[in-house]
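Note that the coordinates shown come from a computational prediction; the quantities given were computed from them, not determined experimentally.
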Amino acid sequence: MKHLIRSGILFAMIAMWALCSKAAADDFVDLDDLLEMDELFDDDGTLARGASAAIADPLKGLNQAIFGFNDAAYKKIFQPFTRQYVRVIPKEARKGVVNFFNNLEYPLRLVGSLLQFRFGLASQETGKFFINTTAGMAGFMNAARVFEGLQPPKEDIGQAFGAWGFKHGFYFVLPFLGPTSLRDFVGRIGGNYVDPISEPWTQVDDSTDRLILTAVDTVNDLPEIIDVYNSITGSAIDPYTAVRDAYAQLRAAQIAK
């Protein structure tokens, strides 16, 4: 009983944080970005240097404090919870939830493509959404994966700003949400206006339903987020600098695609 109470309290806390995050960002932590970031590191934890991807960090002291807070939250609160979550929820079910919410993010990716005048990618996104929504049973199955021409790179509004020539501005770390920059944060806020769950243009009228959807999305992603985060920071000599530089390099690579 005590274990169930603790798990329930943790779920409620995560749900609240998820709801708060929706007011400022379209994702708790973007799992796809985190996976791509992990690929930038060599086996020894060294960041593979490519093209210059410097980012101004005038708030370094504050950022380091928030990074430390996030690190403790991930490892002391989220990680124990996710261990219990994966024991209860089968992997196939978790994957179906991931597919469902990825499908719901179609408007964000579509707008990111259109803002860059990448109409070919926009049509691919639309075809992918149509197939996954119909043949993929409302998106729970990634039915479009068998079509090579329907695998567009993920686009977002922050990338569009970067393609227009806007620089990062400066780097900062958000509580629970992790790394971003002024440019990308503004892009995330813009993403709320096309996100079908977030206000103000939500397609889910009931606030309780929005809370539940946001919490499910957040909680379901946490196990893999924690695993990838530990992979990135575990072998790094200076985890803060490693994450910051990897973030800048990742965003530069995404914009250059």
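Side-chain atoms of T180 and Y171 include no donor-acceptor pair closer than 3.5 Å. D38 and Y229 are not linked by any side-chain donor-acceptor pair at a separation below 3.5 angstrom, with hydrogens and angles left out of the test. In this structure, a donor-acceptor pair under 3.5 Å is present between the side chains of E155 and Q116. A side-chain N or O of Q79 and one of N230 form a donor-acceptor pair less than 3.5 Å apart. Under the 3.5 Å distance criterion, with hydrogens and angles disregarded, a donor-acceptor pair is assigned to the side chains of Q254 and D33.
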Quiz item: Stepwise, does the side chain to side chain contact (heavy atoms under 4.5 Å, CB included) test hold for N132 with N99?
Solution: CA-CA 9 Å; N132 284 341; N99 291 338; over 6 Å; no

Practice problem: Test side chain to side chain contact (heavy atoms under 4.5 Å, CB included) on F147 and K128 and set out the steps. | Solution: CA-CA 9 Å; F147 298 97; K128 181 179 179 180; over 6 Å; no

Self-check item: From CA spacing to verdict: salt bridge (Lys or Arg N to Asp or Glu O under 4.0 Å), R251, D156
Solution: CA-CA 11 Å; R251 294 302 282 170; D156 58 53; 3.0 Å; yes

Quiz item: What do the steps show when you test I157 against L108 for side chain to side chain contact (heavy atoms under 4.5 Å, CB included), and what is the final call?
Solution: CA-CA 8 Å; I157 296 176; L108 284 75; over 6 Å; no

Exercise. Starting from the C-alpha separation in whole Å, work towards a yes-or-no answer on side-chain hydrogen bond (donor to acceptor under 3.5 Å, both in side chains) for Y240 and D71.
Key: CA-CA 10 Å; Y240 170 80; D71 186 73; over 6 Å; no

Practice problem: Begin from the C-alpha positions of L222 and Y74 and carry the test side chain to side chain contact (heavy atoms under 4.5 Å, CB included) through to its verdict. | Solution: CA-CA 9 Å; L222 275 176; Y74 295 162; over 6 Å; no

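Classification of the F78-F176 ring pair by plane angle, with boundaries at 30° and 60°, yields tilted. Taking the six-membered ring where tryptophan is involved, the planes of F129 and Y106 are essentially parallel, since the angle between them stays under 30° and well short of 60°.
Open room surrounds CD on E224; 12 or fewer heavy atoms of other groups in view lie less than 6.0 Å from it. Within a 6.0 Å sphere centred on CZ of F166, other residues, nucleotides and ligands contribute 12 heavy atoms or fewer. Summarising the local packing, NZ of K75 is surrounded by more than 12 heavy atoms from other residues, nucleotides or ligands at distances under 6.0 Å. The neighbour count for Y193 OH, taken as heavy atoms of other residues, nucleotides or ligands under 6.0 Å away, does not exceed 12.
For the pair N103 and F140, the minimum side-chain heavy-atom distance is 4.5 Å or more. V86 has its side chain within reach of R94: a pair of non-hydrogen atoms, C-beta onward, lies under 4.5 Å apart.
No donor-acceptor pair closer than 3.5 Å links the side chain of E125 to the backbone N or O of G120. The main-chain N or O of L115 is found under 3.5 Å from a side-chain atom of W164 such that the two form a donor-acceptor pair. Under a 3.5 Å cut-off, the side chain of N220 and the backbone N or O of V97 do not form any donor-acceptor pair. Here the side chain of R109 pairs no donor or acceptor atom with the backbone of K154 at under 3.5 angstrom. Side-chain N or O atoms of T214 include one that pairs as donor or acceptor with a backbone N or O of R210 at under 3.5 Å. In this structure, the side chain of T82 does not engage the main chain of P223 through any donor-acceptor pair within 3.5 Å.
Comment: R244 engages D57 in a salt bridge, judged by a side-chain N to carboxylate O separation of less than 4.0 angstrom.
The shortest heavy-atom contact between L114 and A122 is CD2-CB, 3.7 Å. Shortest non-hydrogen contact noted between G162 and I255 is CA-CD1, 3.7 Å. Among all heavy-atom pairs drawn from L182 and G169, the shortest one is CB-CA, 4.5 Å.
A centroid separation of less than 6.0 Å is found between the aromatic rings of F172 and F170.
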